Student: 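Sharing a structure, written as structure tokens. Questions coming.
This one's a predicted model, so the numbers in the text were calculated from it and none came from an experiment. In what follows, residues are counted from 1 in the order of the sequence shown. Just follow the structure's listing: the first ligand is 1, and inside any ligand the first atom is 1.
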Amino acid sequence: MEKTIIVTGGAGYIGSHTVVELIAQGYKPVIIDNFCNSEKSVVKGLESITKKEVKLYEGDCTDRNFMAQVFAETNPSGVIHFAAYKAVGESVSKPLAYYKNNVISLLVLLEVMKEVNCNQLVFSSSCTVYGTPEKLPVTEQSPTQKAISPYGNTKQIAEDIIKDQVVSDADLSAVALRYFNPIGAHPSGLIGELPLGTPSNLVPFVTQTAAGLRNELTIFGNDYNTPDGTNVRDYIHVVDLAKAHVKTLDYLSGKTNFYDFINVGTGKGTSVLEIVTTFEKVSEQKLNYKIGQRRPGDVEQIYASVDKSEKVLNWQTELSVEDALRDAWNWQLKIG
Ligand code: NAD
Ligand code: WQD
């Protein structure tokens, strides 16, 4: 029998790609989303790709009665919890909204999971928990650092809450996946990232500039101590990232009273300038950009050690930054 997996935030960027991979591996995903940062048309895209009907509950993960009802009706064996607010800058101006949405949704979720004896959880964490790393690549043993934004703090708090809950609950097993920088879109061009307003992330800004929706990209500083002076990040194709979630469910299978956290990246650092030149190559056009000031809060360079993810998840990335930028551009051309 197909296992039902609740995917909170399943209409969002990473969640929607994960729904595709869950279906491909024989799971039955059930999406919970309130569409605060996504569109209902995503479900049509999912159904076109998978040729399956995708079950969706529209509602808020902080609403306890709603969540209890969904869990009672669907009897899931596990949950992948994507639903959260994710804009670092916005979290500084709206801290309470971020703590409320990101922390309360998790508390409600854990309570409801306990009530219905649903015992497997995959949580969306972030490499932001490492702050400015002292050594590269960043391993899971690298120390976490005090978060510099309320958003980052919600991820640290959430990891602690999950870890404490596992200690208290003999049946629960959970993994926090610490994502590095997800980019790209599904190669079909039917789902992708839908940033509202001016994107703060690099790749949507690049594709919108190339599409003529923005005048020019500003590269935030070229005087860093990196090979070309621009920041270095670990950009991972969202389809590879989505597959890591399915592998994590396999990893959790049969485990009880278990908590772990795992980096999900490519292991390779790419600079902002390399993103620009690779994008120019795949899109066969020049990108209008200038070098500007450093952006406050940016880490000079960070990329993941992938030893643990390869070993315990039996997973590795299959797609390159070039693939991701090609797919991101294809998606941008479709959404206009
Ligand atoms: P996203 O905004 O595209 O998706 C989040 C989805 O959750 C959206 O569809 C939104 O409508 C929904 N949602 C938010 N709050 C909700 C609530 N209370 N109830 C129901 N639905 C709610 O974001 P994403 O990029 O897909 O990120 C998914 C997760 O991964 C988030 O937890 C984010 O913090 C984390 N993460 C993202 C990145 C990144 O760069 N995209 C990096 C590291 C970690
Ligand atoms: C990447 C690089 C910028 C825009 C953020 C969050 C992190 C995680 C992923 C959620 C940086 C440079 C960007 C632009 C630029 N999210 N840049 N011009 O900052 O690595 O990570 O998203 O958990 O927590 O902080 O990603 O895409 O914003 O920036 O030069 O217009 O591109 O300086 O070096 P970041 P990003």
Student: If the threshold is 4.0 Å, N to carboxylate O, is there a salt bridge linking K308 and D260?
Tutor: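 Salt bridge: yes.
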Student: Using a 4.0 Å heavy-atom cut-off, say whether E193 meets ligand 1 through its side chain, its backbone, both or neither.
Tutor: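 For E193, there is no contact with ligand 1 at all, from either part.
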Student: One residue to check: N201. Relative to ligand 1, which of side chain, backbone, both or neither has a non-hydrogen atom less than 4.0 Å away?
Tutor: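 Answer for N201: neither.
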Student: Look up atom CD in Q332 and atom CG in L325, then write down how far apart they are to the nearest 0.5 Å.
Tutor: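 Separation between the atoms: 12.5 Å.
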Student: Of all the non-hydrogen atoms in the protein, which one sits nearest to atom 6 (C) of ligand 1, and at what distance?
Tutor: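 Checking every protein heavy atom, the shortest distance to atom 6 (C) of ligand 1 gives G9 CA, 3.5 Å.
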Student: Would you mind telling me if ligand 1 is within reach of the side chain of A84, the backbone, both or neither, using heavy atoms under 4.0 Å?
Tutor: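 The answer is both, backbone and side chain.
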Student: Which protein non-hydrogen atom lies closest to atom 43 (C) of ligand 1, naming both residue and atom, and how far is it?
Tutor: Y179 CD1, 3.5 Å
Student: Closest approach of R214 and Q208, non-hydrogen atoms and distance?
Tutor: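 Taking every non-hydrogen atom into account, NE-OE1, 2.8 Å.
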Student: Among all protein non-hydrogen atoms, which one is nearest to atom 14 (C) of ligand 1, and what is the separation to 0.1 Å?
Tutor: C36 SG, 3.3 Å
Student: Before giving the answer on salt bridge (Lys or Arg N to Asp or Glu O under 4.0 Å), spell out for K286 and E280 the whole-Å C-alpha distance, their side-chain angles and the decisive distance to 0.1 Å.
Tutor: CA-CA 6 Å; K286 283 273 158 223; E280 289 182 331; 3.5 Å; yes
Student: Could you tell me if the ring centre of H245 sits under 6.0 Å from that of Y251?
Tutor: no
Student: Specify the protein heavy atom at minimum distance from atom 25 (O) of ligand 1: its residue, its atom name, and the distance to 0.1 Å.
Tutor: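 Nearest protein contact, heavy atoms only, for atom 25 (O) of ligand 1 is K86 NZ, 2.8 Å.
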Student: Working to the nearest 0.5 Å, report the span between OG of S173 and CD1 of I162.
Tutor: 11.5 Å
Student: Please list the nearest protein heavy atom to atom 37 (C) of ligand 1 with its residue and the distance rounded to 0.1 Å.
Tutor: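 Here the nearest protein heavy atom works out to I14 CD1, 3.7 Å.
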Student: What residue and atom, counting heavy atoms only, is the protein's closest point to atom 22 (C) of ligand 1, and at what distance?
Tutor: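 Among all protein heavy atoms, the one nearest atom 22 (C) of ligand 1 is N34 OD1, 3.1 Å.
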Student: Looking only at protein heavy atoms, which one is nearest to atom 2 (O) of ligand 1, and what is the separation?
Tutor: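 So the nearest neighbour among protein heavy atoms is N37 ND2, 2.6 Å.
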Student: Is it the side chain, the backbone, both or neither of C127 that has a heavy atom closer than 4.0 Å to ligand 1?
Tutor: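 Neither part.
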Student: Starting from atom 12 (C) of ligand 1, which protein heavy atom do you reach first, and at what distance in Å?
Tutor: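 Going by distance alone, atom 12 (C) of ligand 1 is nearest to D33 OD1, 3.3 Å.
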Student: For ligand 1, indicate whether the residue Y151 contacts it via side chain, backbone, both or neither (heavy-atom separation under 4.0 Å).
Tutor: side chain
Student: For ligand 2, list the protein residues that place a heavy atom within a distance below 4.0 Å of one of its atoms, sorted by chain and number.
Tutor: V88, S126, T128, Y151, N181, S200, N201, L202, L217, T218, I219, F220, N231, R233, Y235, V272, R295, D298
